[in-house]
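Letters go in sequence order (proteins before strands), and every chain restarts at 1.
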Amino acid sequence: MKFFLECDKAVHVCDKSQYNEASFFEKLMLKLHILMCKFCRGHAKRNSKLTKTIKSANIKTLRPEEKQQLKTKLRQEIDNGPQS
Amino acid sequence: MELLNPDQWVDKYSDYLYNYTIVRVNDHIVAQDLISETFLAGLRSKKNFKGEATERTWLISILKRKIIDHYRKINSKKGKAEVHITYRDDDAEGDWLEENAADPFDKNAEDRMENKELGLAILECLDKLSEKQATIFKKKTIEDFDTEALCKEYNITPSNLWVIIHRARKSMVDCLEKNWFN
């Protein structure tokens, strides 16, 4: 009977579900495990809180091309600039 | 003695500087220009960097001055600041102040500012991870890369990836609990 998850498996499913990559069945097993396991319950709570927090921060990143442009500019400055 | 590594600056700090800037100038192009000016100014004055502050703090101090200069410039173009209060119609005399107050259900500037500071706190915590962990975590969590693409890019197996992600998430939770949640 492989109905009950071990803790390390539960933690892995919990990580995957933060990225919507856990299957329905996996999530169900996780829920069952969490009902019984205090440790994983705490972990799952903090893990989801991290996901929510990062989403709500709405962090913007520069596109790779834009970073590349910045690098090129800097490199030019280093090459041409007065050596001091 | 070489204290600074300009080549790594962009990878390490541009997202942080960008998030700091965008909430203050609210224009993508302007923000990018200010960041590039900041890096260049940093490069020119790197002999003044004593290594007492972290590089990031030092770059932010340059960036702050650039942002202030930016507002000085656009303000001097405008001539002077003017404040207009318009009555929406003539009969609405009396309660204009209340009527013109911002909609409380609108997300206000302070909320937005708070959110941006949260963004910076998250990026600061990211700094504490190893470089590989930080990049992979950022790509997966903030830039929404999918697992397969990341595994290919870094030539790792999915289970390697999940181990990295798991460790990164653990440190991030610890760090944010210390620096943000209380």
For B:Glu37, enumerate each residue passing the salt bridge (Lys or Arg N to Asp or Glu O under 4.0 Å) test, keeping only those at least two apart in sequence or located in another chain. none
The reported gap from NZ in A:Lys71 to OG in B:Ser14 (rounded to nearest 0.5 angstrom) is 8.0 Å
Partners meeting salt bridge (Lys or Arg N to Asp or Glu O under 4.0 Å) with B:Glu153 (sequence neighbours left out): B:Lys139
Using a 4.5 angstrom heavy-atom cutoff, name the option from A:Lys73, A:Glu66, A:Gln68 with the most pairs to chain B. A:Glu66
Report yes or no: do B:Phe145 and B:Val163 belong to one cluster of Ile/Leu/Val/Met/Phe/Trp/Tyr joined by side chain heavy-atom distances under 4.5 Å? no
B:Ile68 and B:Leu63: same hydrophobic cluster, using ILVMFWY side-chain contacts below 4.5 Å? no
Salt bridge present between B:Asp15 and A:Lys60 (N-O < 4.0 angstrom): no
Taking side chain as everything from C-beta outward and backbone as N, CA, C, O, which of these in B:Phe39 sits under 4.5 Å from a heavy atom of chain A? Side chain, backbone, both or neither. both
When you compare the side chain of A:Ile59 with that of B:Tyr16, does any pair of heavy atoms fall below 4.5 Å? no
Would you check, one step at a time, whether the test side chain to side chain contact (heavy atoms under 4.5 Å, CB included) holds for B:Arg169 with A:Thr51? CA-CA 9 Å; B:Arg169 294 188 72 87; A:Thr51 304; 2.6 Å; yes
Check whether any side-chain heavy atom of A:Lys49 sits under 4.5 Å from a side-chain heavy atom of B:Glu177, and report yes or no. no
NE2 of A:His12 to OG of B:Ser159: how many Å apart, nearest 0.5 Å? 8.0 Å
May I ask you to check whether over 12 heavy atoms, not counting those of A:Glu65, lie within 6.0 Å of atom CD? yes
Among B:Leu123, B:Ile35, B:Asp11, which residue has the highest count of heavy-atom pairs closer than 4.5 Å to chain A? B:Asp11
How far does CD1 of A:Ile78 sit from NZ of B:Lys46, to the nearest 0.5 angstrom? 6.0 Å
Is the number of heavy atoms from other residues, nucleotides or ligands under 6.0 Å of B:Asn155 CG greater than 12? no
Non-hydrogen contacts under 4.5 angstrom with chain B: give the residues of residues 13-22 of chain A involved, or none if there are none. A:Asp15, A:Lys16, A:Gln18, A:Tyr19, A:Glu21
Atom group of B:Ile122 that falls short of 4.5 Å from chain A, counting heavy atoms: side chain
If you look at every heavy atom in A:Leu62 and B:His28, which pair is closest and at what distance? CD2-CE1, 4.1 Å
Whether over 12 other heavy atoms sit under 6.0 Å from B:Lys12 NZ: no
Show your working on side chain to side chain contact (heavy atoms under 4.5 Å, CB included) between A:Val11 and B:Trp162 and close with a plain yes or no. CA-CA 11 Å; A:Val11 158; B:Trp162 286 110; over 6 Å; no
Within a radius of less than 6.0 Å around NZ of B:Lys128, do more than 12 heavy atoms belonging to other residues, nucleotides or ligands occur? yes
How many angstroms lie between CZ in B:Phe181 and OG1 in A:Thr53, if you round to the nearest 0.5 Å? 3.5 Å
Separation between OG1 of B:Thr141 and CG of A:Leu50, rounded to the nearest 0.5 Å: 7.5 Å
For the CG atom of B:Leu176 and the CD1 atom of A:Ile54, what is their distance to the nearest 0.5 Å? 7.0 Å
With chain A as the partner, which of B:Glu143, B:Lys140, B:Lys170, B:Lys138 has the greatest number of non-hydrogen pairs under 4.5 Å? B:Lys140
Part of residues 39-48 of chain A lying next to chain B, heavy-atom separation under 4.5 Å: A:His43, A:Arg46, A:Asn47
